[in-house]
Amino acid sequence: MAILSSRRSSAAISVAAVAGLAAAGVGFAVGGASAGTVSGSLYRDPSSAVVRWVAANPGDLRAAVIRDKIASQPQARWYANFNPSTIQSEVSGFVGAANAAQQIPVLSVYEITNRDCGGASAGGAPDLNQYQTWVSNFARGLGNQTVLIILETDSLALQTCLSTGELNARNQALTTATQTIKSANPNAKVYLDGGHSTWNSANDTANRLRAAGVQYADGFFTNVSNFNPTSSEANFGRAVISALNGMGISGKRQVIDTSRNGGAAGDWCADDNTDRRIGQYPTTNTGDANIDAYLWVKPPGEADGCRYTAGSFQPDLAFSLANGAPNPPTTAPPTTNPPTTAPPTTAPPTTAPPTTAPPTTPPPTGNGCSAAVAINQWNGGFTASVNVTAGSAAINGWTVTVALPGGAAITGTWNAQASGTSGTVRFTNVGYNGQVGAGQTTNFGFQGTGTGQGATATCAA
């Protein structure tokens, strides 16, 4: 509390004050210092959710930390709504402001049909023909100066719901989208989905990138919404680049999302995890010839949907990520290659708001706990969200037993530890969500193949 109270007087700030930090160069790279193909300062969105929150809450004890370490930094703007009639003007306004500031905007496109395999981030264009119309309108707003395009997170790393025909159609759609963007703005840098270092193998990732037209793009992005260390992602990226070179596709580079990878690794969902930290501050000055930029693609403080509505800005999440993290550099970070470390194991990320709210379950009448499972089914697979609710007394540790239908198999879990993959599966809490207050609820989830409909859950504490 000493740090917070000593800085309270500096928390009376405005949007203009935060903009002054960016204008002073806080956290931005020095132009021309990059080792990759991108050089210059990244654009900080003056109307982002975190900037608006800081301006609206000058008396909040968390405001100074969030202002200095998050709101001062450039972050991606996401385009995830199917709005073909207005998308051009929206993009043009954002890019035009960045051009006027002589900075590089980062735009995350998240509109592919059957997005997230119909899971928690379901949505996107109704079909691929309409997707191409949307992309064409999007591209017309990009101007002619350098922009960074993060094209369709999860579109290549997550393909379990697609038939062979659907996969071929998606690959063609991504190829066409890349060519459309590059044709509209030859200075646009387009990066395709590379998943992350603990998802698909480097060779598999390279094959997926090639099928989706990476030869027409500038490279690939990794670690969006995830927590793998930068060093692990850089090693993975080098392996992917090597595999692409072996296919005759050369000159491709990587960008890495460092928005939440400065602390502990583990299961991907951050909403209840206080061990996370912001990672390297956004910059094009990576010092690595294979890496064009370290970016904050997933805005720090925006929820994953585990405890809060996905995509909503939550100041306690932002403060948890920022508190204890180093201050932003006033000059470019050191140009040293990251060390080699072994990657941890995580589950795939999801980022967009869920299409349905998690289930609500009244607390059990006695001590102990209850569990309710909600299934989001798609062709060939499903995700499950499980609410664990304490009874009339607080609990310290819980075990949930889920009975799966025949043929269903679990492929990934978050916010819990699983014992088994099919039939009757036991889930136990992880360190940060074992204590649940009387009548309160915590949540975990899992993803699987087959049919999850009909799964039942029981809880013991």
Side-chain angles (χ1 to χ4, degrees), residues 27-29 33-40 42 73-76 78 104 106-108 148-157 189-202 205-206 209 214 217-244 252-265 268 270 276-300 321 325-326 328-329 332-344 346 348-349 351:
F28 296 128
S34 175
T37 62
V38 179
S39 178
L42 297 167
Q73 297 303 300
Q75 303 166 38
W78 285 67
I104 302 169
V106 180
L107 297 83
S108 179
L148 305 185
I149 308 296
I150 305 300
L151 188 61
E152 302 297 353
T153 296
D154 293 348
S155 62
L156 298 182
K189 301 290 185 180
V190 180
Y191 303 91
L192 303 185
D193 176 33
H196 57 71
S197 60
T198 57
W199 199 343
N200 302 303
S201 71
T205 298
L209 288 166
V214 75
D218 295 271
F220 56 95
F221 59 86
T222 69
N223 214 39
V224 172
S225 297
N226 221 287
F227 307 92
N228 296 320
T230 302
S231 56
S232 298
E233 293 303 301
N235 290 336
F236 175 67
R238 283 189 280 273
V240 173
I241 290 170
S242 177
L244 289 173
K252 304 308 169 186
R253 291 176 173 82
Q254 179 185 19
V255 296
I256 300 174
D257 186 350
T258 60
S259 61
R260 309 193 297 183
N261 72 344
W268 70 269
R276 309 300 189 194
R277 293 291 180 272
I278 50 176
Q280 291 175 259
Y281 284 98
T283 182
T284 61
N285 181 26
T286 66
D288 190 319
N290 291 319
I291 303 173
D292 275 346
Y294 300 131
L295 303 177
W296 284 4
V297 180
K298 172 73 172 184
L321 288 167
T335 56
T336 56
N337 290 330
T340 301
T341 59
T346 69
T351 55

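Taken from CG in N261 to CD1 in I256, the straight-line distance is 8.0 Å, to the nearest 0.5 Å. To the nearest 0.5 Å, atoms CG (D288) and CZ (R238) are separated by 5.5 Å. With rounding to the nearest 0.5 Å, the separation of CZ in F236 from OG1 in T198 is 9.0 Å. The distance from atom CD of Q280 to atom CH2 of W296, rounded to the nearest 0.5 Å, is 11.0 Å. Taking CZ from F221 and CG from L156, the interatomic distance works out to 7.5 Å, rounded to the nearest 0.5 Å.
Side-chain polar atoms of T37 and D292 form a donor-acceptor pair below 3.5 angstrom. Looking at N223 and T258, their side chains never bring a donor and an acceptor atom within 3.5 Å of each other.
Partners of S242 by side-chain contact (heavy atoms from CB on, under 4.5 Å), not counting sequence neighbours: none found. For Q254, the side chain to side chain donor-acceptor pair (under 3.5 Å) test picks out T222, with sequence neighbours left out. For K189, the salt bridge (Lys or Arg N to Asp or Glu O under 4.0 Å) test picks out D218, with sequence neighbours left out.
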Point to revise | side-chain contact (heavy atoms from CB on, under 4.5 Å) assessment of V38 paired with L148 | key: CA-CA 9 Å; V38 179; L148 305 185; 4.0 Å; yes
Practice item. Begin with the C-alpha distance, continue with both residues' side-chain angles, and end with the deciding distance and a verdict on side-chain hydrogen bond (donor to acceptor under 3.5 Å, both in side chains) for N285 and T283. Key: CA-CA 5 Å; N285 181 26; T283 182; 5.1 Å; no
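Looking at E233, its side chain does come within 3.5 Å of a backbone N or O of S197 through a donor-acceptor pair.
Shown are L192, L209, L244; of these, the side-chain contact (heavy atoms from CB on, under 4.5 Å) with K252 is made only by L244. With D257 as the fixed residue, the side-chain contact (heavy atoms from CB on, under 4.5 Å) test singles out one of T153, L295, V224, N228: V224.
Closest of all the heavy-atom pairs between P74 and P282 is O-CG, 3.3 Å. Here the shortest heavy-atom pairing between Q75 and P300 reads OE1-CD, 3.6 Å. Contact between S225 and K298 at its shortest, heavy atoms only, is OG-CD, 3.5 Å. Contact detail for V297 and W78: the closest heavy-atom pair is O-NE1, 2.7 Å. Heavy-atom minimum distance, D193 versus A157: OD2-N, 2.8 Å. Here the closest non-hydrogen pair linking Y281 and P329 is CD1-CD, 3.6 Å.
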